[in-house]
Every structure is written in structure tokens, then in C-alpha cells.
Amino acid sequence: MPKLSKTLIATAAFAVIATSAFSEAAWDFKAGMAYFYGGPGKMSAMAMAPAEKNHEAMMKNAKKVPDNTVFFMSNGSLYSTSGRLDPTGNFYVN
């Protein structure tokens, strides 16, 4: 096998391992930050304006995310459901 092919295969394997490890990392939500889902592949974060009026406006229609909420993508859309995932990724309803 040519050296270039071996390098490409090794790089692809590393990318799969790195992606898998990254997906297991916990989300790090911080106070004062807003996280926005704008469609498939479009996530952004920005600091919220600190004014109390701004916070009140956001809280007016906000809904608390219940414990054991699973977020996932299907056909390019973001979904959530109630349940849990075991360490192998199998879903269970609570």
C-alpha cells in the first residue's frame, strides 16, 4: 500500500476517534451566554445584554428544559424527547 494511502487511512481513523470523543464531552453552558440553534449545522453562542429588561423579555416565553431530556438530529431537524441514553447510546423511556 502506498505511503499516502496509509497516511489517509490513519488520518481518517484518527478523525473518527476524535469525533467520537468530542461527542461525549459535556456541554459547557455558562451564565450570561445565549446559545442559538439556527438550523442544521448552524449553532452559535453570544453574550447576552446584561440589562434586567432584556432578561425579563427572554424569561417571558422561556420554558425550563426538564431533566432527562435528549436532544438529537433527524433529517436535518433538531428534536428533543424525554428519556435517557445508556453508555452504549441505546435510548430508554423513563
Grouping I, L, V, M, F, W and Y whenever their side-chain heavy atoms are under 4.5 Å apart, do [X] and [Y] come out in a common cluster?
X   : Y   : result
M33 : V65 : yes
L85 : V93 : yes
L78 : M43 : yes
F71 : M73 : yes

How close do [X] and [Y] get, heavy atom to heavy atom, and via which atoms?
X   : Y   : value
S82 : F91 : O-CZ, 3.3 Å
G76 : P40 : O-CG, 2.7 Å
G83 : V70 : O-CG2, 3.8 Å

(request) Please check if atom CZ in F36 has more than 12 non-hydrogen atoms from other residues, nucleotides or ligands closer than 6.0 Å. (result)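 Check fails, neighbour count at 12 or below.
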
(request) Using the six-membered ring wherever Trp is involved, compare the ring planes of F29 and Y35 and label them parallel, tilted or perpendicular (cut-offs 30° and 60°). (result) perpendicular

(request) Drop me the distance from K30's NZ to M48's CE, to the nearest 0.5 angstrom. (result) 13.5 Å

(message) Under 4.0 Å between a side-chain nitrogen and a carboxylate oxygen: does that hold for R84 and D86?
(response) no

